[in-house]
Amino acid sequence: MQFDSKERQIRSFVLRKGKMTTGQRKAVEELLPKYAIDPVPDTLDFSSLFGNDNPVWLDIGFGNGESIIHAAQQHPDVNFLGIEVHLPGVGHLLIECEKLGLDNVRIIRNDAVDMMNKHMSDGCLDAVHVYFPDPWHKKRHHKRRIINPDFLALTASKLKQGGRLHYASDWEPYAIEVKELINQTPAFKNSQADGDFVDRPEWRPVTKFERRGQKLDHGSYDLIVHKI
Ligand SMILES: C[S@@+](CC[C@H](N)C(=O)[O-])C[C@H]1O[C@@H](n2cnc3c(N)ncnc32)[C@H](O)[C@@H]1O
């Protein structure tokens, strides 16, 4: 995983060392070559990478991969691309992919924004999922929030017409900000006629971060919008 530090200074993550279990370390050593796209080609060709022309759903910052593991089992006719920088989480997803025989999952360990900007052709994605992105609570850190006008423009360009952007958060102020931002973006149409949040759909399980939010009495806020 290589970052070009000169190009984009403000990133939506801080690389934490993170403790790896023995199983995760073993999975990274043995399974990463099987599931990872590395090196990332100049332009990602999903038909050849997955060996079929099925729709591609991108999960940005998948954490330990719970949402991909759930959806990839429910939707074997969909290709799942997960992009995450946190190595223990990658290890966790690898273990589950192998245990469950999920051959519709591929992983990139890198900055998702860079990968979209530099390695994806326009209109190559059927869905983009951003679940419980780091809320960067402090005002001086808000600039690190992954959802911003540039990210929305980038996502709109990489989605097919009719493609879905699905965002979920437990942090109400961030969720409201994103709702307003998305509703002001002409490239997207909210799935709800009143432009509001939506109930959690079947493909999104309750994840570790959401459970943590629930313990703190946070709500859950899902937004589903489509590219016009
Ligand atoms: C709060 S966690 C949420 C994990 C998961 N989506 C869930 O719902 O449980 C946010 C994750 O996004 C990852 N992340 C943040 N910005 C990213 C980026 N630009 N590219 C890849 N991963 C990113 C972080 O490493 C972190 O694991």
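Read the numbers this way: they start at 1 and go in the same order the structure lists the ligands and their atoms. These values consider heavy atoms only, across backbone and side chains, with no hydrogens, waters or symmetry-generated copies. Keep in mind the model is a prediction, meaning the values are calculated, not measured.
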> Do ligand 1 and Thr207 have nitrogen or oxygen atoms that lie under 3.5 Å from each other?
Replying inline: yes
>> If you take the nearest heavy atom of each of Asp134, Val90, Val130, Ile68, which one is closest to atom 10 (C) of ligand 1?
In response: Asp134
> Do we see a donor-acceptor contact under 3.5 Å between the side chains of Asn104 and Asn54?
Replying inline: no
> Hey, does Phe132 come in under 3.5 Å of ligand 1, counting only N/O atoms on both sides?
Replying inline: no
>> Distance to the ring centre below 6.0 angstrom and angle to the axis at most 45 degrees; does that hold for Arg144 and Trp136?
In response: yes
>> Show the atoms of ligand 1 that are less than 4.0 angstrom away from any heavy atom in Phe13.
In response: 15 (C), 16 (N), 17 (C), 18 (C), 19 (N)
>> If you define the side chain from C-beta out and look only at heavy atoms, does anything of His166 sit under 4.5 Å from Val130?
In response: no
> Numbering the atoms of ligand 1 from 1, which are under 4.0 Å from a heavy atom of Tyr131?
Replying inline: 3 (C), 5 (C), 6 (N), 7 (C), 8 (O)
> Is there any N or O on Ala112 that sits under 3.5 Å from an N or O of ligand 1?
Replying inline: yes
> With backbone taken as N, CA, C and O and side chain as the heavy atoms from C-beta onward, which portion of Asn110 lies under 4.0 Å from ligand 1: side chain, backbone, both, or neither?
Replying inline: backbone
>> Less than 4.0 Å is my threshold; does some heavy atom of Ile83 fall inside it relative to ligand 1?
In response: yes
> What class does the angle between the rings of Phe50 and Phe46 fall in, given that below 30° is parallel, 30 to 60° is tilted and above 60° is perpendicular?
Replying inline: tilted
> Heavy-atom distance to atom 25 (O) of ligand 1: which of His129, His86, Glu84 wins?
Replying inline: Glu84
>> Within ligand 1, which atoms have a heavy atom of Ser12 less than 4.0 Å away?
In response: 15 (C), 16 (N), 17 (C), 18 (C), 19 (N)
> Which residue, Lys227, Lys160, Lys158, forms the salt bridge (Lys or Arg N to Asp or Glu O under 4.0 Å) with Asp122?
Replying inline: Lys158
> Short N/O distance, under 3.5 Å, between Lys208 and ligand 1?
Replying inline: no
> Relative to the ring of Trp203, is the ring of His129 parallel (under 30°), tilted (30 to 60°) or perpendicular (over 60°)?
Replying inline: parallel
> Under 3.5 Å, is there a donor-acceptor pair linking the side chains of Thr207 and Glu66?
Replying inline: no
> Does Tyr131 have Arg204 sitting over its ring (NZ/CZ under 6.0 Å from centre, angle to axis within 45°)?
Replying inline: yes
> Salt bridge or not for Lys118 and Asp42, using N-O below 4.0 Å?
Replying inline: no
> Heavy atom under 4.0 Å from ligand 1: found in Asp111's side chain, backbone, both, or neither?
Replying inline: both
> Heavy-atom distance to atom 5 (C) of ligand 1: which of Gly213, Gly61, Ser169 wins?
Replying inline: Gly61
